[in-house]
Trainee: 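After the structure tokens below, expect a handful of questions from me.
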2 protein chains.
Amino acid sequence: MNPKSGLLEPLESLSMTDRVENILREYFTENAFKPGDALPNELEIAQKLNVSRNVVREALSRLRMLGMVEARPRRGMIMAQPDLLAGIEKVLNPFILSKSNQKDIFELRLILEMGIAEFLFARKTQQDLDELEAIVEKQKTLPVLSKEDEIEFHGKLYDMTGNETFQRFQSLLFPVFEHVFATLTTTADHVAPANPVTHYDLFKILNDGTPEEFRKAMHIHLSVYYNSIRR
Amino acid sequence: MNPKSGLLEPLESLSMTDRVENILREYFTENAFKPGDALPNELEIAQKLNVSRNVVREALSRLRMLGMVEARPRRGMIMAQPDLLAGIEKVLNPFILSKSNQKDIFELRLILEMGIAEFLFARKTQQDLDELEAIVEKQKTLPVLSKEDEIEFHGKLYDMTGNETFQRFQSLLFPVFEHVFATLTTTADHVAPANPVTHYDLFKILNDGTPEEFRKAMHIHLSVYYNSIRR
DNA sequence: CTATTATATTTGTAGGACAAATGAAAAGAT
DNA sequence: ATCTTTTCATTTGTCCTACAAATATAATAG
């Protein structure tokens, strides 16, 4: 934005390990490596790239963490199916995440919550609805809902989307979401809506309503959070 | 599901590097390390944990990749602000992602696209709208929209959410989304809706409509994709 | 008290060593 | 010729040593 903020870049001087990591990923892509394909052994890679085996191992260690390659001790390495969320999972620590990132995650969850309606209606089963009904019936008797109650209800919704990644993704996001909201509520004056939408209301709409009605209701249900977003 | 599929787990025998990585992350969390805090040096960590410096370096190399720690050569290591999406970015390779993960990402983008309405209306500025108008006016003259045109329009929408992570996130997802849809269209019979919603229509609603109208229109706009989702 | 010089520290990189388990090859038995 | 046993080469995981280079600190000189 500010012309001055086009500051002199740190001129990222990549370490050998960084470069080998990049080279390996490019090598895999360009040669269309698929899960199960055998990789050259560590020594061969090191010699071809003219670096020490240490450097190669550090780079491979990173790719192993991401689930991208798998090492079978004494039998060589193969490509593997990476774990989409492994990288994000290790980093979701409110203590070290920037405020900006925390805010982004908070908002991301609100976005997701509004976006799942179509999938819920496309994939709901009677068994899902029965289970969800049991949850909301139980919660109807409670004077106030705990964090666990919230997770139980919304978590069940994510289950019903039938999207495993999404389900896991949101469960990773939730703690950060809670953390952000907890800090927000200390300062922001958040007022409950006049006509709140309860979990039970959402269930009823999901049972015999439309995606549009559901989104509308969900927005009201989340209005406490939506009220906290600003430019 | 199947009782037999409760197969004997691989009994994940963690390597020393895996264990040190976990220990370090726990250590950071439990001691509330914040960005900028100094870390013990490699040798000290190795001695305390009774492992070789190699193992410690491999673990640290992973955390460096995530942006979690930063090593200033010859001055020691400090905590850093991790890059939320660094881990996912390196893994989004359609060649190695599982079909299941690809499908999940495809759906995730549909979810996001529907969920951003509230943020667009809460944060749109006149300048945003002007820029968006320029895009849709240009596209109105085209007989058919290219992939780049799609990216330009939808990318501008993501910009307007004011959520940097979200914006980057979707740009990472887009290539996978395109790849999945390209493979889908070879088999699935996808018919364009009778009354399609164009980018121009979406712009008009964003300009003087409501979030609800926008979501409704966006759903029609994406109906080609939504028609491809099945249980 | 300031300026220069020496020293210690710490990461990045290289290279060597070896255990252990696996698969393949060789040797032996029938 | 076929099957069994033994030997051997391979390869990752782990440990160790070494050193360059740049920084921060301490020591020395002016």
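Owing to the predicted nature of the structure, the values given are computational and were not obtained by experimental measurement.
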Trainee: Can you tell me how far apart NZ (A:K103) and OG (A:S100) are? Round to the nearest 0.5 Å.
Mentor: 5.5 Å
Trainee: Please list residues of residues 64-79 of chain A whose heavy atoms come under 4.0 Å from any atom in DNA chain D, ordered by number; otherwise none.
Mentor: A:R64, A:A71, A:P73, A:R74, A:G76, A:M77
Trainee: Decide if atom CZ of A:R72 counts as having more than 12 heavy atoms of other residues, nucleotides or ligands within a radius under 6.0 Å.
Mentor: yes
Trainee: Are more than 12 heavy atoms, taken from residues, nucleotides or ligands other than B:Q127, located less than 6.0 Å from that residue's CD atom?
Mentor: no
Trainee: Would you tabulate the pairs of protein nitrogen or oxygen atoms and nucleotide nitrogen or oxygen atoms of nucleotides 25-27 of chain D closer than 3.5 angstrom?
Mentor:
none

Trainee: Would you list the protein and nucleotides 6-8 of chain D atom pairs, both N or O, that sit under 3.5 Å from each other?
Mentor:
none

Trainee: Does atom CD of A:E152 have more than 12 heavy-atom neighbours, drawn from other residues, nucleotides or ligands, at distances under 6.0 Å?
Mentor: yes
Trainee: Residues of residues 17-28 of chain A with any non-hydrogen atom less than 4.0 angstrom from an atom of DNA chain D: list those, numerically ordered, please.
Mentor: none
Trainee: Using five pairs at either end of the helix from C:dC1-D:dG30 to C:dT30-D:dA1, determine the angle between the two local helix axes and round it to 10 degrees.
Mentor: 30°
Trainee: Ignoring hydrogens and angles, are the base of D:dG13 and the side chain of B:N54 linked by a donor-acceptor pair under 3.5 Å?
Mentor: no
Trainee: May I ask you to evaluate whether B:R57 reaches the phosphate of C:dG12, defined as a side-chain N or O under 4.0 Å from OP1 or OP2?
Mentor: yes
Trainee: Looking at residues 42-53 of chain B, who's got a heavy atom less than 4.0 Å off DNA chain C?
Mentor: B:E42, B:R53
